[in-house]
Amino acid sequence: MKILKYTKTNKNTYQVILEKETITLYDEIILKYELLLKKEISKEEIEKLKYDNQLLDSYYDSLTILKSRLKSKKELYDLLKKKEYSTTSIDYALTRLEKEGYLNDLGYAEIYIDKEIQFTLDGPIKIRKKLIDLGIPEEYISFEKYDSLWDSRIKKLIEKQIKSNHNKSSKELKNKITRNIL
């Protein structure tokens, strides 16, 4: 099929106008297959271009998702699965994002722990459970640098409970605080 024209559509996609059809391709695909130098392409090449374009589609969609907030590998996989990408294209996107450093479960775990400790009164067991639910491997979860912090957090939690439950007897209050901390 003869290539008639290229038209830029948005950031990094082009419409490639052929004799019988028009396809939208990422600039990366156009450069990879040197389409600017070719005047004609076969139907097999067109199918290969479309397949590679689908792989890139999931990759660029992943980048857009990661712009708003860091995500774990499992979270991103689930989001892409909901958008009905094929397993092959999701695997391609996740592998490429990991190679480029945009997706790192160890870094995500460290940042998540810092955020939870800074903004919540959750303890290590609750934070660990949340991370495991997000698909972070157990060996990536470490609280060693926060060992000295837990005593002050428990004191804050006890003070908060005492202030909010001033109408309870001391025995009831003690039991409630104990249950809450555990």
Going by heavy atoms in the side chains, are [X] and [Y] under 4.5 Å from each other?
X: V16; Y: L4; answer: no
X: K2; Y: K39; answer: no
X: L25; Y: Y14; answer: no
X: L103; Y: L70; answer: no
X: Y60; Y: N12; answer: yes
X: L56; Y: E28; answer: yes

Do the side chains of [X] and [Y] join up, straight or via other hydrophobic residues, at under 4.5 Å, putting them in one cluster?
X: L55; Y: I30; answer: yes
X: I46; Y: L36; answer: yes
X: I17; Y: I3; answer: no
X: L79; Y: Y102; answer: yes
X: I111; Y: I113; answer: yes

Do we see a donor-acceptor contact under 3.5 Å between the side chains of Y108 and E75? yes
Please report the interatomic distance [atom1]([X]) to [atom2]([Y]), rounded to the nearest 0.5 Å.
X: K50; Y: D57; atom1: NZ; atom2: CG; value: 14.0 Å
X: Y112; Y: I141; atom1: OH; atom2: CD1; value: 10.0 Å
X: Y77; Y: K73; atom1: OH; atom2: NZ; value: 11.0 Å
X: T95; Y: I90; atom1: OG1; atom2: CD1; value: 11.5 Å
X: K115; Y: T120; atom1: NZ; atom2: OG1; value: 8.0 Å
X: E19; Y: T22; atom1: CD; atom2: OG1; value: 11.5 Å

Handout entry: Donor-acceptor contact present, side-chain S89 to main-chain S58, <3.5 Å
Key = no
Can you check whether E98's main-chain N or O pairs, donor with acceptor, with N104's side chain at less than 3.5 Å?
no
Is it the case that over 12 heavy atoms from other parts of the model lie below 6.0 angstrom from the NZ atom of K8?
yes
Is the count of non-hydrogen atoms from other residues, nucleotides or ligands lying under 6.0 Å from K81 atom NZ greater than 12?
yes
Atom of [X], atom of [Y] and distance for their closest heavy-atom approach:
X: D105; Y: G135; value: OD2-O, 4.1 Å
X: S62; Y: L76; value: CB-CD2, 4.1 Å
X: I136; Y: A109; value: CG2-CB, 3.8 Å

Does this structure show an ion pair linking [X] with [Y], if we count only N-O contacts that are shorter than 4.0 Å?
X: K145; Y: E110; answer: no
X: E100; Y: R96; answer: yes
X: K48; Y: D52; answer: no

Go through E21 and K43 one step at a time and tell me if the salt bridge (Lys or Arg N to Asp or Glu O under 4.0 Å) criterion holds.
CA-CA 11 Å; E21 67 178 304; K43 288 191 180 204; over 6 Å; no
For residues 121-132, which side-chain donor-acceptor pairs fall under 3.5 Å, sequence neighbours excluded?
from	atom 1	to	atom 2	distance (Å)
D122	OD2	K130	NZ	2.7
R128	NH1	E138	OE2	3.0
K129	NZ	D133	OD2	3.1
K130	NZ	E116	OE1	3.0

For E45, the side-chain contact (heavy atoms from CB on, under 4.5 Å) test, sequence neighbours excluded, returns K38, I41, S42
Hits for side-chain contact (heavy atoms from CB on, under 4.5 Å) against T13, two or more places apart or cross-chain, chain-then-number order -> T9, N10, T24, Y26
